[in-house]
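The next block holds one structure in the form of structure tokens; read it before the comments.
We count ligands from 1, going down the list as the structure has it; atoms in each ligand are counted the same way.
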Amino acid sequence: MATTPSRDVAARLGEAFADYAPSAEGRDIVTIRPEYGLVIGGAERPAADGATITTIDPSTGDALARVAEAGAADVDAAVAAARRAYDGAWGAASPRDRAKLLFRLARLLQDRAREFAVLETLDGGKPIREARDVDVPLAAQHLFYHAGWADKLEYAVPGMRARALGVVGQIIPWNFPLLMAAWKLAPALACGNTVVLKPAETSPLTALLLAELVDEAGFPPGVVNVVTGAGATGAALVDHPGVAKIAFTGSTAVGKGIRRALAGRGVRLTLELGGKGAHIVFDDAAIDQAIEGIVDGIFFNQGHVCCAGSRLLVQETVAGDVMERLRARMELLRVGDPLDKNTDVGAINSHSQLVRIREFVDGAVEEGCAVHQPSRGVPDAGFFYPPTLVTDVGGSERIAREEVFGPVLTVQSFRTEREAVDRANSTRYGLSAGVWTEKGARILWMADNLHAGVVWANTFNRFDAASPFGGVRESGFGREGGRHGLEAYLDLTPVRA
Ligand code: NAP
Ligand code: MG
């Protein structure tokens, strides 16, 4: 089993961090322990029944570490620890103390950015360039942003008295393990709640490392508890009577089940679910820039992105030109070792996700679609899938309707704005959309008429802690980020005049 920073990792990384400040402690790139326990009440412990799961490096299939698999008894212990902290030291902490600790956590994360980036890439398969330049800096940004709110909550919701909810259960997926942990923890803690966090089974390591920093920053024990495990662990958290709120990011199917499980229990719920984002290119757009946006929209993080632009809609007059340039651009994409800084598309997160992507594309061919993939292949070892275009799409095929969550883009054309909007909206999801056009009035009209929580114009996949993010329809409800994201973690009552 791999442990301390193997030379192999250092060699694979090459110059990826040449321009990076060395970590404060001068540590080696990353140390992976053979075993990790649950983090409950500030201490690490094995699962009560001794169960473990193994997390792997999906680019090689090699085991990275064994991680405790929490059962219902462990979830119960974690909720109890969170409750004690809420009734004790955390409840007594002043808003300014909460701010100070969150700022400290953000700084510690920045100090150890290299370590987090490498660990995220090893455990999840994403290109190191993305982990380094997107995941880790954005995670730190969320912590900084919410640290700023902690002692100013009365300005976030004027006219309302804001109180924390209590113990919140947070369940996150595998596609942005650290970033989703930060999105969840930062507002919950800023608002004065305590947390039981359940990371995804295939990528738990950065959340566990973040829990070490929570401790180092000086948060009281039990404010942040981490219960690693599989789906049953998440279900036990949802079922626990001691949680005041569940925040879930994951698939629509599991999200629906959670909503059913919570019905009638008075537990607050926010759901960030799947998507099938339309990426719309008009004939007056800057086509070269649009091509970069399309590529980023679907191949960033191997397409494991809830708000991916997975349905390309191109105005008929430029469809031929766009497709030609897109195919040429795809020839240049490097699929391979996620630790290589020149890699554009890393490893698919798990074998089961790879199988799912293959089934989608095979099914599309059976339904009469045409498939295009670049001429360079993909590595034999590990889980890889090439960037893929699916054309001859009518709209009723499974691949056009369901979320693939992989590097697969369907393409359709349209004539008018109305037709573009109708096609874009013909989905049960409503998370994201993108519009490429030079006309400002058209952007505003499209944004008004697209059913999506986020509409990007002449860009795609831009995130900012100050900007609320979330979906409509089967993409969920509730917002994360910005002032709106705070409300999900606060009990609000009107202040009497
Ligand atoms: P998932 O299967 O729904 O899992 C999400 C999390 O829920 C994981 O921690 C999972 O644990 C846990 N879980 C599984 N079954 C559960 C149950 N019955 N009760 C409670 N928790 C349970 O989703 P995923 O495959 O990890 O993630 C991909 C999905 O997330 C995609 O659909 C994507 O669109 C969505 N997503 C949405 C957003 C957004 O902001 N809207 C952001 C990122 C991803 P295990 O890992 O152990 O199964
Ligand atoms: Mg893993």
Taking atom 24 (P) of ligand 1 as the reference point, the nearest protein heavy atom with its distance: W174 NE1, 3.4 Å
Atom 35 (C) of ligand 1 [closest protein heavy-atom partner, distance rounded to 0.1 Å]: G250 O, 3.1 Å
Main-chain N/O of G470 paired to E480 side chain as donor or acceptor, under 3.5 Å: no
Protein residue, atom and distance nearest to atom 9 (O) of ligand 1, heavy-atom basis: I172 O, 2.8 Å
Heavy-atom donor-acceptor pair, T121 side chain to V118 backbone, under 3.5 Å: no
Side-chain donor/acceptor of T228 to backbone N/O of A68, under 3.5 Å: yes
Ligand-residue contact atoms, ligand 1 with C306, heavy atoms, under 4.0 Å: 33 (C), 34 (O), 36 (N), 37 (C), 38 (C), 39 (C), 40 (O), 41 (N), 42 (C), 43 (C), 44 (C)
pair I29-R114: side-chain heavy atoms closer than 4.5 Å: yes
Any side-chain donor near an acceptor of the partner, K276 and S475, under 3.5 Å: no
Option of least heavy-atom distance to atom 32 (O) of ligand 1 (set: R356, Q353, E403): E403
The Mg ion (ligand 2) to nearest N/O/S of T202 below 2.8 Å: yes
Nearest-neighbour protein heavy atom for atom 27 (O) of ligand 1, which is reported as residue plus atom name and distance: P173 CB, 3.3 Å
Ligand 1 atoms in contact with N175 (distance to a heavy atom under 4.0 Å): 43 (C), 44 (C)
Contact with ligand 1 for F176, non-hydrogen, under 4.0 angstrom: no
Heteroatom N/O/S of I56 within less than 2.8 Å of the Mg ion (ligand 2): yes
Nearest non-hydrogen protein atom, atom 28 (C) of ligand 1: F405 CE2, 3.4 Å
Distance from atom 23 (O) of ligand 1 to nearest protein heavy atom, with residue and atom: S251 N, 3.3 Å
For atom 10 (C) of ligand 1, closest protein heavy-atom neighbour: K198 NZ, 3.9 Å
Donor-acceptor contact below 3.5 Å, side chain D49 vs main chain G71: no
For V254, the ligand 1 atoms whose distance to one of its heavy atoms is below 4.0 Å: 3 (O), 15 (N), 16 (C), 17 (C), 22 (C)
Candidate with minimal heavy-atom separation from atom 13 (N) of ligand 1, of G234, C307, G231: G231
Element-labelled atoms of ligand 1 that are located less than 4.0 Å from some non-hydrogen atom of E201: 45 (P), 46 (O), 47 (O)
Atom pair CZ/CG of F116 and L108 - distance to nearest 0.5 Å: 9.0 Å
Whether D57 has an N, O or S atom under 2.8 Å from the Mg ion (ligand 2): no
E474 backbone acceptor or donor facing T252 side chain under 3.5 Å: yes
Test of ring centre spacing under 6.0 Å for W183 and F176: no
Atom indices of ligand 1 within 4.0 angstrom of L431 heavy atoms, with elements: 41 (N)
Short side-chain to backbone donor-acceptor contact, Q170 and K184, under 3.5 Å: yes
Test item: E120 side-chain N/O and L178 main-chain N/O as donor-acceptor pair under 3.5 Å: yes
Atom 47 (O) of ligand 1 [closest protein heavy-atom partner, distance rounded to 0.1 Å]: A230 CA, 2.9 Å
E367 vs R401, salt bridge (charged side-chain N to carboxylate O under 4.0 Å, His left out): CA-CA, chis, key distance, verdict: CA-CA 13 Å; E367 287 192 82; R401 289 181 293 109; 5.7 Å; no
Ligand-side contact atoms (ligand 1) for residue partner P199, heavy atom cut-off under 4.0 Å: 9 (O)
Ligand 1 versus L273: contacting region, heavy-atom distance under 4.0 Å: backbone
Subset of ligand 1 atoms that lie under 4.0 Å from at least one heavy atom of T249: 5 (C), 36 (N), 37 (C), 38 (C), 39 (C), 40 (O), 42 (C), 43 (C), 44 (C)
Main-chain N/O of D62 paired with D57 side-chain donor or acceptor, under 3.5 Å: no
Proximity flag F469 to ligand 1, non-hydrogen atoms under 4.0 Å: yes
Rounded distance (nearest 0.5 Å) linking atom CD1 of I258 with atom CZ of F248: 4.5 Å
Ligand-side contact atoms (ligand 1) for residue partner I171, heavy atom cut-off under 4.0 Å: 6 (C), 7 (O), 9 (O), 12 (C), 20 (C), 21 (N)
N, O or S from T55 under 2.8 Å to the Mg ion (ligand 2): yes
Parallel, tilted or perpendicular: rings of H146 and H142 (30°, 60°): parallel
